[in-house]
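These notes concern the structure reproduced below.
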Number of protein chains: 2
Amino acid sequence: MSDSAIRPRKEFGKTIAADITHRLREEIIACGLAPGEPLRFDVLRERFGASFTTLREALTALAAEGLVDAQEQRGFRVAPVSRQDLVEVTDARVLIEVELIRRSIERGDDDWEIAVISTLHRLKRIEQRDPEHPLRDPEWKIAHRQFHQALVSACGSATLLAIRAELFDRAERYRHLSANFRPRPRDKAGEHQAIMQAAISRNADLAVQLIEAHIRSTSDNVTKYAGHLLDAE
Amino acid sequence: MSDSAIRPRKEFGKTIAADITHRLREEIIACGLAPGEPLRFDVLRERFGASFTTLREALTALAAEGLVDAQEQRGFRVAPVSRQDLVEVTDARVLIEVELIRRSIERGDDDWEIAVISTLHRLKRIEQRDPEHPLRDPEWKIAHRQFHQALVSACGSATLLAIRAELFDRAERYRHLSANFRPRPRDKAGEHQAIMQAAISRNADLAVQLIEAHIRSTSDNVTKYAGHLLDAE
DNA sequence: ATCGGTATGATTTTCGAAAATATGGTCTGG
DNA sequence: CCAGACCATATTTTCGAAAATCATACCGAT
């Protein structure tokens, strides 16, 4: 029996449910499934090749993360977007990210510095390759996520890191929402570089200031270029 | 056909899964299910009268809340407790609760004041009735939760309130853990009264200071009287 | 005695059928 | 023409059997 004949069903987690959760999450973040769109089991069953109950488990998990909206007895839908929600996510991110940056700068060791520098380096490499549409490049998305993750990774609180990760995902969905309408990306490379330098040189106040501006300007860009999408809901 | 013959299966949510999620959550918080204890489906099936998949959905939701630990392919267990986790939960609570109190004091209207005053009044009534073992009284637990909820309810961020609620639950489990070893409750009534007065008089700095002390002293009490339970894990 | 493999029992995970519930349209009486 | 009851259909929710996976004990070879 050759292995190649067996189609691997679990690319990510060990269980199918965890795998589907991951794939659904990515698709919702990338707006492949539109905000507010009903998630019907027949459709999902065909698209993801899993049974009712397995899909249900995945949707329940994503509902707890705030990416899916569970309407009891009336199924699930992709979590809607709104100006209010964007403001809440942005404010919460600032509150938590600022705290975690401070703690990481306070506690970060050599490994932390290396992680910050190397993830930024990888990010810049990818940006040089295709500077026009970074959000459409899956590799850029991963590298961008990993750089910001590295910045706060030395904070010492798994609890706050988990909360931060959920908020990051919810914010990334808004970035995707506006990506198609944004004329050209602003100078993110420079911002990331400045944040890295402030962090490595242990200048906490500056790093905090740059991170807050980074988060808020991203949010402002969404309002500016995708504001019309936030009212329809 | 008489209604009395039908046993109501859904006391809380509309779906059985939501109901089981709620009951399991309460039981884990009250330490009726011990930290680290394996959650085997056979046992849960008998205890809660639901099928594998329904239980699985409930456990998945609680895993996302941090009350259950999902070990892929090896089932679920009640989330373990540890000094580290207690410190993380406490710090995260302080960070968020402080922010929400400030916002509520800033934004709270008449209804907010009424909610704060009336929930405190109810709490004190219940305390007078049985001042010895408040945590064993389900009514006190509910009233206590509602008072603290009322304090932050005017903050304007459903996102942060949801995060706060999860952290509150995780902290309450630690309180239950130490309840059996604590000699006598400290003067919580006085602390709550002072917090209420600071909030209603819009003294944000004082309210923040009192809330932080309240949260940290609760946590310290757990370490003091249930520290031995935190090392075993 | 130790290691590696393997059979066995226990447990979790997944599936699709069946039950429960919601939705939408039709009919009837006012 | 409208409101409300009723039926038919679409969809979700729940169930227990079946498949997959893990843990353990046993065995034989080195």
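In the text below, chain A, chain B and the rest are named by the order of the sequence lines, each starting its count at 1.
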As a test of reading the structure: which of dT13(C), dT14(D), dT13(D) is closest to the side chain of Phe76(A), going by heavy atoms? dT13(D)
If you look at every strand shown and take non-hydrogen atoms under 4.0 Å, does Phe52(B) touch a base, only sugar-phosphate, or nothing? base
Length of the line joining Asp42(A):CG and dT12(D):P, which is rounded to integer Å: 7 Å
For a quick check of understanding: with a heavy-atom distance under 4.0 Å over all strands, which category does Thr53(A) fall into, base, sugar-phosphate or nothing? base
Do the side-chain N and O atoms of Arg56(B) and Ser51(B) include a donor-acceptor pair separated by under 3.5 angstrom? no
Which protein N or O atoms sit under 3.5 Å from an N or O of nucleotides 22-25 of chain C?
residue: dT23(C); atom: OP1; partner: Arg74(A); partner atom: NH1; Å: 3.3

Does a side-chain N-to-carboxylate-O contact under 4.0 Å join Glu139(B) and Arg129(B)? yes
Distance-only donor-acceptor check, side chains Thr53(B) and Thr53(A), under 3.5 Å: no
Ion pair present between Arg74(A) and Asp69(A), side-chain N to carboxylate O less than 4.0 angstrom? no
Option from His144(B), Gln146(B), Arg145(B) for which side chain to side chain donor-acceptor pair (under 3.5 Å) with His148(B) holds: His144(B)
Round to the nearest Å and state the distance from Leu55(B) atom CG to dT14(D) atom C1'. 11 Å
Using a 4.0 Å heavy-atom cut-off, does Arg40(A) contact any base of the nucleic acid, only the sugar-phosphate backbone, or nothing at all? sugar-phosphate
Show me the donor-acceptor pairs, under 3.5 Å and distance only, between side chains in residues 34-44 of chain A and residues at least two apart or in other chains.
residue: Glu37(A); atom: OE1; partner: Ala34(A); partner atom: N; Å: 2.9

Among the nucleotides dG16(C), dT12(C), dT12(D), whichever has the atom closest to the side chain of Arg45(A) is dG16(C)
Round to a whole Å and report the spacing from CZ of Phe41(B) to P of dA20(D). 18 Å
Of all the choices, dT12(D), dT13(C), dC15(C), which nucleotide is nearest to the side chain of Thr15(A) once you look at every atom? dT13(C)
By the 4.0 Å heavy-atom rule, please label Leu39(A) as base, sugar-phosphate, or nothing. sugar-phosphate
In whole angstrom, what separates Glu46(B)'s CD from dT11(C)'s P? 14 Å
